[in-house]
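In what follows, a single structure is set out as structure tokens and then discussed.
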Amino acid sequence: MEKETLTLLGLYLSRKPLSQAKLARRTGISKDRISKLHVDIKSRPTAEEIYLIALAVDVPYTEIMDFLCKDLKLRPEDEWDKKSKKD
């Protein structure tokens, strides 16, 4: 059997003393969806889900966002004015 890999949100939540079932009950997010947010890398949490999860684990939602987005960076400033092929 293949070992499950945690998503960033799953990793964050694994450090909190709250089971997936209790998180589902507190937030109103289904247990299936909570499970997917933990292990399915294709699953993307909505802003509303992150907000509800933050309330349930009693942290500012920005703490979760900072953890999830820690590797995101703006493009280098010298590229800001260049038109992309999509423009």
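For clarity, every value in this text was computed on a predicted model and none was experimentally measured.
- Residues forming a side-chain hydrogen bond (donor to acceptor under 3.5 Å, both in side chains) with Glu77 (at least two apart in sequence, or on another chain): none.
- Between Thr7 and Leu37 the shortest heavy-atom distance is OG1-O, 2.5 Å.
- In this structure, Ile29 CD1 and Ile34 CD1 are separated by 4.0 Å, a value rounded to the nearest 0.5 Å.
- Hydrophobic clustering, defined by side-chain heavy atoms of Ile, Leu, Val, Met, Phe, Trp and Tyr closer than 4.5 Å, leaves Ile41 isolated from every other such residue.
- Heavy-atom minimum distance, Leu68 versus Pro45: CD1-CG, 4.5 Å.
- Between the CG atom of Asp32 and the CG atom of Asp40 there is a distance of 10.0 Å, given to the nearest 0.5 Å.
- Qualifying side chain to side chain contact (heavy atoms under 4.5 Å, CB included) partners for Asp81, counting only residues two or more places apart in sequence or in other chains: none.
- In this structure, Ile53 CD1 and Leu18 CG are separated by 10.0 Å, a value rounded to the nearest 0.5 Å.
- The distance from the CG atom of Leu13 to the CZ atom of Phe67 is 9.0 Å, given to the nearest 0.5 Å.
- Contact check for Val39 versus Thr5: no side-chain heavy atoms found under the 4.5 Å cut-off.
- Annotation: salt bridge (Lys or Arg N to Asp or Glu O under 4.0 Å) contacts of Asp58 (sequence neighbours excluded): none.
- Grouping Ile, Leu, Val, Met, Phe, Trp and Tyr residues whose side-chain heavy atoms lie under 4.5 Å apart, directly or via other members, places Trp80 in a hydrophobic cluster with Leu74.
- Applying the ring pair (Phe, Tyr, Trp, His ring centres under 6.0 Å) test to every pair with at least one member in residues 15-50, sequence neighbours left out, gives no pairs at all.
- The salt bridge (Lys or Arg N to Asp or Glu O under 4.0 Å) analysis of residues 42-57, with sequence neighbours excluded, yields the pairs Arg33-Glu49.
- Not a single salt bridge (Lys or Arg N to Asp or Glu O under 4.0 Å) links Lys31 to another residue, sequence neighbours left out.
- Side chain of Thr27 to main chain of Leu52: no donor-acceptor pair is present (N/O by atom type, distance under 3.5 Å, no hydrogens or angles).
- Annotation: salt bridge (Lys or Arg N to Asp or Glu O under 4.0 Å) contacts involving residues 60-74, sequence neighbours excluded, comprise Lys16-Glu63.
- The salt bridge (Lys or Arg N to Asp or Glu O under 4.0 Å) pairs that include a residue from residues 18-27 number zero, where partners must be two or more places apart or lie in different chains.
- The two residues Ala56 and Leu23 come nearest to each other via the heavy atoms CB-CD1, 3.6 Å.
- Pairs engaging residues 5-14 under the salt bridge (Lys or Arg N to Asp or Glu O under 4.0 Å) rule: none recorded [sequence neighbours left out].
- Every residue two or more places apart in sequence or in another chain was checked for a side-chain hydrogen bond (donor to acceptor under 3.5 Å, both in side chains) with Ser14, and none qualifies.
- Shortest non-hydrogen contact noted between Ser30 and Ala24 is C-CB, 4.2 Å.
- More than 12 heavy-atom neighbours from other residues, nucleotides or ligands sit within 6.0 angstrom of OH on Tyr12.
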